[in-house]
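Reminder, nothing fancy here: chain letters follow the sequence lines and each chain counts from 1.
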Protein chains: 2
Amino acid sequence: MGRRRTVSAGEPLIWEDDDSLLVANVIEGVLKLTTSTADGREQIVGVAYPSDFIGRPFGQTSAASVVALTDARVCVFARNDFDRFARDHPELEHKLLERTLAELDRTRAWMVLLGRKSAPEKIATFLLDMSERLADNGCMAHTGPAKHFTLPFSRQQVADLLGLTIETVSRQFTKLKADGVVALPGRRDVEILDRAALQTLAG
Amino acid sequence: MGRRRTVSAGEPLIWEDDDSLLVANVIEGVLKLTTSTADGREQIVGVAYPSDFIGRPFGQTSAASVVALTDARVCVFARNDFDRFARDHPELEHKLLERTLAELDRTRAWMVLLGRKSAPEKIATFLLDMSERLADNGCMAHTGPAKHFTLPFSRQQVADLLGLTIETVSRQFTKLKADGVVALPGRRDVEILDRAALQTLAG
DNA sequence: TCCGATCCTTGACCGAAATCAATCTGGCGG
DNA sequence: CCGCCAGATTGATTTCGGTCAAGGATCGGA
């Protein structure tokens with residue numbers, strides 16, 4: 001069915017291929033979905049992990065662009081083919097509906113963060129979210145939230161995810177380190193030292 | 001199938017009924033979907049217009065609460081019944097999937113507004129959005145964006161939608177009026193005098 | 001028509017985060 | 001091993017929008 005493709009970190013996943021739009025399934029790696037304003041301010045509107053579906057089947061084409069954050073493997077489908085196939089396979093459509101509903105829930109929760117939370121709350125919420133998302137990367141289920149993990153994001157990308165500037169993100173990280181809430185052994189490594197404190201900060 | 005219910009303006013739509021969760025279809029009126037932080041800050045995460053679907057079929061219950069903005073009529077279903085019915089009717093699931101994908105797109109566009117736009121940009125974007133949404137309320141299709149319309153929101157609710165405070169919303173409205181971009185004949189009435197200016201402001 | 005409640009507007013002030021501007025770090029190629 | 005450079009941190013300053021605090025408008029009910 002779909003064709004395998006590899007995308008290296010930083011590379012965009014092109015949505016035009018043989019004049020036909022694509023949809024895709026993530027096999028491995030992490031990708032960002034972004035939308036930008038006319039003057040170039042960027043907002044990350046979604047993050048796709050393995051097994052997540054990306055693209056916009058049925059009609060309209062979505063405005064978001066997709067870029068790999070880590071080296072990634074995806075399984076791409078020409079959209080027309082996919083649409084036809086989906087219509088004939090209710091089980092697939094059902095699965096897709098469940099995933100889309102779950103993604104909508106997650107997106108709505110993120111709206112509260114963007115619209116109503118302060119910078120410290122945003123950072124704390126982000127770290128807790130990451131610690132959960134990156135925990136069950138492997139094959140075994142529910143190992144619980146990770147204490148130590150490597151972010152698939154640069155500081156700028158964290159800023160684009162939280163609706164902040166890179167400087168504010170950096171300052172908040174520094175503050176959490178100074179307060180002994182987290183350790184930052186490497187640029188993208190986080191170790192949660194005081195989860196309770198983070199949860200309090202997250203509000 | 002579903003039971004008709006009327007909800008008057010300001011009244012919440014309860015999701016518990018005879019120990020079974022509900023899903024619903026909006027027949028008439030406008031409702032808000034909100035999520036709040038622990039300390040009571042509120043964010044409107046979605047707005048449901050006639051023909052929109054609300055609630056969370058299949059598994060998890062969504063965290064959002066639903067309140068009618070205007071008097072509304074909805075058609076409610078016990079979720080268990082709905083789930084069973086949907087699984088047996090692929091056409092319904094397909095329709096629901098299309099709507100959910102469209103809602104996800106709209107929600108993602110709103111994230112850019114919340115995360116990256118200034119107060120003037122937020123207000124301008126909001127007014128243009130409203131002018132389009134409230135245009136085809138009636139039966140005829142595509143009359144184009146409305147020049148004059150009545151908001152289904154109080155100032156506080158506009159603030160909750162845009163991630164601002166009521167004072168900032170008020171000041172921005174006043175400024176647009178002073179600049180001759182809009183007229184505000186009544187508390188909730190908006191007349192767009194200079195659409196081009198609004199579009200420029202929206203960015 | 002008057003009253004009261006609620007919603008909205010306006011003003012003065014403050015503070016959190018953005019902006020502007022240097023450094024600093026660490027990873028990599030030569 | 002050294003120098004380079006993108007990414008990250010830190011500091012100084014500004015600004016936008018929030019907070020606090022009065023008023024003013026509008027609507028419904030007596």
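For B:H148, there are no ring-ring contact (aromatic ring centres under 6.0 Å, His included) partners at least two apart in sequence or on another chain. Partners of A:F173 under the ring-ring contact (aromatic ring centres under 6.0 Å, His included) rule, at least two apart in sequence or in another chain, do not exist in this structure.
In this entry the distance linking CZ of B:F173 with P of C:dT9 reads 8 Å, nearest Å. Between A:D39 atom CG and C:dT19 atom P there is a gap of 11 Å when expressed in whole angstrom units. The interatomic distance linking B:I166 (CD1) with D:dC20 (P) rounds to 15 Å, in whole Å. For the pair A:L162 CG and C:dA16 C1', the interatomic distance rounds to 16 Å; values are reported in whole Å. Whole-Å rounding puts the A:R187 CZ to C:dT25 P distance at 11 Å. Distance B:L114 CG to D:dG17 C1': 15 Å, rounded to the nearest Å. As a whole-Å value, the separation of B:R171 CZ from D:dG17 P is 11 Å. To the nearest angstrom, P of D:dG7 lies 13 Å from CG of A:L69.
Remark: the A:T100 side chain and the B:T100 side chain contain no N/O donor-acceptor pair separated by less than 3.5 Å. For the residue pair B:T125 and B:K117, a side-chain donor N or O sits within less than 3.5 Å of a side-chain acceptor on the partner.
With hydrogens and angles left out, the side chain of A:R188 and the base of D:dG7 share no donor-acceptor pair within 3.5 Å. At a cut-off of 3.5 angstrom, the base of D:dT19 holds no donor-acceptor pair with the side chain of B:R41. No hydrogens or angles were tested; on distance alone, nothing pairs the side chain of B:Q157 with the base of C:dC7 as donor and acceptor under 3.5 Å.
Under the 4.5 Å side-chain criterion, counting only non-hydrogen atoms from C-beta, A:Q157 is in contact with A:K32. Contact of the A:R108 side chain with the B:E103 side chain is registered, since non-hydrogen atoms from C-beta on lie closer than 4.5 Å. The side-chain heavy atoms of B:E98 and A:P57, taken from C-beta on, include no pair separated by under 4.5 Å.
Here B:T168 does not reach the OP1 or OP2 of D:dG17: none of its side-chain N or O atoms lies under 4.0 Å away. The side chain of B:T165 contributes no N or O atom lying less than 4.0 Å from OP1 or OP2 of D:dG17.
Residues A:K177 and A:R116 each lie close to DNA chain D; by heavy-atom proximity, the contact nearer the 5' end of the strand is made by A:K177. Comparing A:V169 and B:T174 against DNA chain C, the residue whose closest nucleotide sits nearer the 5' end is B:T174.
Contact annotation for A:G186: no contact, since no heavy-atom pair falls under 4.0 Å across all strands.
Candidate nucleotides D:dA8, D:dA21, C:dT19 were compared by shortest atom distance to the side chain of B:E167, and D:dA21 ranks first.
Within residues 148-156 of chain A, no residue has a heavy atom under 4.0 Å from DNA chain C.
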